[in-house]
Amino acid sequence: MEYNFRLIEKKWQDWWKENKVYKVSNTSDKPKYYVLDMFPYPSGAGLHVGHPLGYIASDIYSRYKRLKGFNVLHPMGFDSFGLPAEQYAIETGQHPAETTKKNIATFKSQLDKIGFCYDWDREVQTSDPNYYKWTQKIFLELYNSYFCNTQQKARPIADLITKYEKQGSKHFSAEQWNGFSDAEKEEWLMQRRLAFSKFGEVNWCEALGTVLANDEVVNGVSERGGHPVEKKKMRQWYLRITAYAERLLQGLETLDFSDSMKEMQRNWIGRSEGAEVSFKVHSPQSTVDGRLLTVYTTRPDTIFGVDFMVLAPELDYILDIASAEQKQAVEEYIQYVKSRSDRERQAEVKQVTGCFTGAYAINPFNGKQIPIYIAEYVLAGYGTGAIMAVPCGDERDFKFSQHFNISVTNIIGNAFNGTEANPTKDAVLQNSDYLNGLVMRDAMKVASDKIEEMGIGKRKVNYRMRDAGFSRQRYWGEPFPIVWKEGVPTALTENDLPLELPHVEKYGPGPDGEGPLANITEWVNTPEGRRETSTMPGYAGSSWYFLRYMDPNNDKEFVSKEASDYWNSVDLYIGGTEHAVGHLLYSRMWTKVLFDLGNISFDEPFKKLLNQGMIQGSSRFVYRVQPSTAFGEKDVNSTQIFISFDINEKLSSGEINSKWLFEKISTLSKELSDWHNQNNDIPTYTINKLHVDVNIVDGVELDIEAFKKWKNGEYANAEFILEDGKYICGVETEKMSKSKYNTVNPDELCDKYGADTFRMYEMFLGPVEQSKPWDTKGIEGVHRFIRKMWRLFYSDSTFKNNETIAGKPIWTNDTPTAEELKVLHKTIKKIDEDTERFSYNTAVSAFMVCVNELADLKCNKKQILEQVLILLTPYAPHIAEELWNALGNEGSILDAKYPVFNPQLLVESSKEYPVSINGKMRTTLTFALDAAQADIEKEVLANDIVQKWLEGNQPKKIIFVKGKMINVVI
RNA sequence: GCGGGUGUGGUGAAAUUGGUAGACACGCCAGACUUAGGAUCUGGUGCCGCGAGGCAUGGGGGUUCGAGUCCCUCCACCCGCACCA
């Protein structure tokens with residue numbers, strides 16, 4: 001009986017399905033464990049071998065935990081709202097719901113082929129009304145909540161309204177509040193709601209016809225498609241994530257994320273400690289004389305080094321400050337800044353621009369008069385939009401001072417060399433009055449104290465993070481449960497949900513930058529007012545999906561308290577690093593809000609995060625010789641001559657020349673040969689390196705016949721100049737993508753080698769977290785291992801063992817020897833440890849070692865093999881089930897008892913010691929573990945090899961570490 | 001520029017606490033069995049050297065009886081962030 005993985009895998013996948021082996025209950029005596037994959041966007045391209053890497057890793061861990069006695073939740077679903085389906089709809093007219101449905105079906109069948117243990121009964125799809133009903137509900141929770149600064153948590157907005165009615169606020173009295181119109185009240189409430197709407201500058205992308213989030217804009221162009229992005233003012237929805245900045249930052253301490261991941265989030269949150277300081281405007285003839293300008297600084301210790309002040313050009317009071325003489329220049333500069341897109345500003349970061357306002361400010365510490373400038377390098381949205389410039393300590397300030405000829409005050413003595421700023425905190429302050437002699441680091445506290453004492457400012461913590469834009473002018477997303485009437489929003493109630501997406505015929509944008517929904521007047525206009533026409537962004541549905549898996553069919557709540565209390569937060573979350581700041585921060589925020597509001601009782605969604613690396617493509621190249629136009633354009637294109645890799649190398653190194661090449665080519669192409677004979681000349685040529693489909697290359701050798709059929713026979717007439725009778729391709733590691741013809745489809749590998757082989761090979765490639773190139777060739781090794789293991793159970797016609805009959809089971813019930821038990825228990829220990837620490841590549845190699853050793857021992861004993869099968873289950877579930885069953889066991893091997901390591905079986909009585917001379921290993925000697933050190937030393941010194949190195953001398957000393965090594969120092 | 005990470009054979013990689021560097025595979029080289037093999041099995045394979053031996057974990061230095069592992073320094077590559085005061 002051959003190892004027939006096709007039959008075996010089909011058989012068990014069907015059996016698992018029929019018997020609901022992966023169905024998970026919310027009630028169990030076992031401890032719970034929640035393993036989650038970042039759910040995929042179901043793109044039309046299907047899966048390539050890079051996608052399942054994380055899924056395999058999580059599947060192994062899920063099965064392992066189940067074997068170890070946990071009730072394991074391991075669900076899967078689809079993040080099915082999003083731009084690509086909509087763009088496809090624009091191009092083809094196919095409804096996104098249709099393409100999404102089709103794509104999901106493809107994804108599921110691909111995933112099922114690999115044999116994952118998902119409980120599909122818990123599947124979620126973010127574009128399903130039964131799901132997005134609850135996304136809309138949570139939006140309403142956010143809308144109807146505010147962040148209470150005293151309690152540092154979300155509370156119902158009703159509490160705030162009650163407070164306003166009874167006590168008012170610092171902006172208005174209770175009487176005033178009660179006299180406000182609905183519109184006026186709403187205006188105040190909007191400033192506190194966690195989901196709120198305001199006019200804001202948004203990233204408008206003309207080409208995509210939509211607004212993009214900050215993290216969807218990369219270097220001034222759209223992340224998708226690379227289209228230019230500019231600023232536009234629109235009414236937008238936002239999430240007040242800034243309110244949670246501090247808690248998001250603090251929460252990181254409790255999480256098991258990688259350092260780089262935490263660092264990225266810290267960076268994004270961008271906390272900085274400093275102080276706000278007010279400077280008086282000095283402008284005697286003007287009305288603004290004496291007005292206070294507040295700057296934000298992280299370096300109050302440098303306040304005596306302030307030589308000028310810079311304001312963001314966007315601030316509304318700039319023109320009030322500007323002097324009569326400078327007014328025109330200031331206006332021109334403001335115009336200039338407005339005309340500049342983010343893209344230009346980012347491209348020209350090093351260029352100094354700015355404009356003097358004609359006004360001065362007074363340094364409150366020394367009364368010095370300093371000029372006030374405006375410049376685009378100061379951002380309106382950060383701090384107060386105003387800075388105090390200290391050119392001796394800040395590079396940008398220094399450059400600015402050079403450009404505008406402002407003299408620089410040196411407060412750090414020799415630490416400043418006059419040609420560049422020194423941002424040190426360790427210099428001793430000079431020219432700084434009462435701070436003189438202090439190290440800057442220490443002076444920061446002293447200066448802050450003084451600022452507060454003088455009443456001219458206060459300590460202040462700032463965050464770089466901005467509130468998250470939550471509106472998209474798109475069709476394929478969750479509609480907002482909001483109706484507008486005369487500029488005042490009204491929220492729908494839960495009974496109105498889900499507010500379903502209406503059907504549209506066209507997916508193009510609506511008027512004035514609105515989304516496609518604005519075109520459907522019968523949907524937009526309701527008796528209660530006009531519906532919000534933007535939809536929610538992609539991260540809406542993914543910010544809480546981990547909760548829905550816990551209780552997917554609940555039609556009363558998005559998750560019941562019982563279910564969320566039982567499953568609690570995700571124990572292990574596996575996915576790529578690309579969501580470091582987007583998805584992970586948003587879902588952390590939503591979790592905290594829902595925790596504050598009492599919906600769930602944990603405030604971090606993911607305890608441990610494991611980032612799988614990217615699988616890169618290993619591209620293959622062919623080298624096409626193209627004679628230049630001298631030979632004639634028509635013929636250039638019809639010539640299909642390809643040279644092998646080495647020949648191209650030799651050509652570029654000059655080892656062979658064009659003459660050699662063209663003599664070769666003349667034998668292949670009649671036209672060329674004719675031309676060659678007529679002109680008696682060598683045409684010039686270029687070599688074009690072309691991607692070739694990796695699937696028609698065996699290792700590096702091109703399958704010439706397949707190549708001729710490739711691309712519908714585009715190269716059917718190709719001629720080749722070979723090396724050693726083979727066409728060898730060039731190799732490069734690149735991102736895996738269709739256009740580079742380096743994608744490998746997991747389905748094909750499962751068909752050819754089986755899912756078990758595929759799973760183990762993906763893990764065998766290297767550490768899960770690491771990026772590595774895909775090499776299909778290596779899969780053979782893992783496949784050999786699995787077949788070798790099969791042959792421990794069954795003899796087959798090719799297994800050269802004459803004592804057994806081909807195709808017959810060969811396992812026995814004999815009692816294992818000590819040696820066999822040693823192999824088993826060594827493996828138990830290694831697999832258990834490696835699986836626990838996600839070192840799956842070494843675990844696979846441990847299985848190989850185990851099978852190699854058992855084969856060498858000719859061990860076909862059931863008692864040993866059965867245990868190995870249990871260990872193997874997480875990695876190769878199909879073959880494990882098959883053999884487990886064949887051995888006479890009932891039910892799924894997942895319900896077997898995980899083997900327990902017995903250290904006593906590995907206890908050795910002796911050890912083969914490495915014997916080093918001066919730390920260099922020269923020989924080995926075996927001693928009993930209880931041998932006396934004196935005896936060992938004596939015997940070591942008597943050893944021939946040691947004697948040789950000693951050359952008759954006595955050793956300086958002998959290092960002996962029991963059970964480890966011996967080192968003779970000469 | 002700032003932050004995080006990685007450098008080990010021809011290739012993917014092991015070496016969990018400082019203790020036999022290169023496990024396990026791919027590839028390659030021999031050989032066996034075969035009509036045949038892209039099947040299977042056996043042996044070999046870091047580099048230099050006939051050999052004894054020497055040299056090897058990006059380079060240089062240090063600590064140590066002993067360093068891939070710890071410290072200093074330099075270099076290269078990858079990934080984030082980037083006028084955030």
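Chain letters run A, B, ... following the sequence lines, proteins first, then strands; residues in each count from 1. Computed from a predicted structure; not experimentally measured.
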- Message: Could you walk me through whether A:Y761 and A:Y753 satisfy the ring-ring contact (aromatic ring centres under 6.0 Å, His included) test, starting with their C-alpha distance in whole Å, then the side-chain angles of each, then the deciding distance to 0.1 Å, before giving a yes or no?
- Response: CA-CA 10 Å; A:Y761 181 55; A:Y753 300 100; 8.6 Å; no
- Query: Taking only side-chain nitrogens and oxygens of A:Q770, does any of them come within less than 4.0 Å of OP1 or OP2 of B:A13?
  - Reply: yes
- Between A:Y913 and B:U20, does any side-chain N or O lie under 4.0 Å from OP1 or OP2? no
- Task: Report the residue (A:K957 or A:K948) whose heavy-atom-nearest nucleotide on RNA chain B is the more 5′ of the two.
- Result: A:K948
- How would you label the contact of A:P773 with the nucleic acid (heavy atoms, under 4.0 Å): base, sugar-phosphate, or nothing? nothing
- Query: Which residue, A:G781 or A:D703, contacts RNA chain B at a nucleotide closer to its 5' end, judged by nearest heavy atom?
  - Reply: A:G781
- Task: Please determine, for B:C55, whether a Watson-Crick or G-U wobble partner exists with both distances under 3.5 Å, and give it or none.
- Result: B:G46
- Is A:W949 touching bases, backbone alone, or none of the nucleic acid, heavy atoms closer than 4.0 Å? sugar-phosphate
- Message: I want to verify the glycosidic state of B:G9; is it syn or anti under the 90° rule?
- Response: syn
- Query: Is it true that the side chains of A:N462 and A:S272 contain a donor and an acceptor less than 3.5 Å apart?
  - Reply: no
- For A:R922 and B:G54, is the shortest distance between a side-chain N/O and OP1 or OP2 below 4.0 Å? yes
- Name the nucleic acid region contacted by A:R837, choosing base, sugar-phosphate or nothing; use a 4.0 angstrom heavy-atom cut-off, strictly under. base
- Message: Measuring only the C1' atom in each nucleotide, how far is B:U35 from B:U42? A whole number of Å is fine.
- Response: 23 Å
- Message: Checking A:D834 against A:T842: is there a side-chain donor and acceptor pair closer than 3.5 Å?
- Response: yes
- Identity of whatever pairs with B:U35 - Watson-Crick or G-U, under 3.5 angstrom: none
- Query: For B:U16, does either OP1 or OP2 sit under 4.0 Å from a side-chain N or O belonging to A:T842?
  - Reply: no
- Taking atom CZ of A:F257 and atom CG of A:L584, what is their separation to the nearest 0.5 Å? 5.5 Å
- Task: May I ask you to verify if any side-chain N or O of A:R791 is less than 4.0 angstrom from the OP1 or OP2 atom of B:C41?
- Result: yes
- Item | Same-atom distance (C1') from B:C47 to B:U40, integer angstrom | 33 Å
- hbond_proxy A:N967 side chain to B:C65 base (donor-acceptor, 3.5 Å cutoff): yes
- Query: Would you say A:K772 has more than 12 foreign heavy atoms packed within less than 6.0 Å of its NZ?
  - Reply: yes
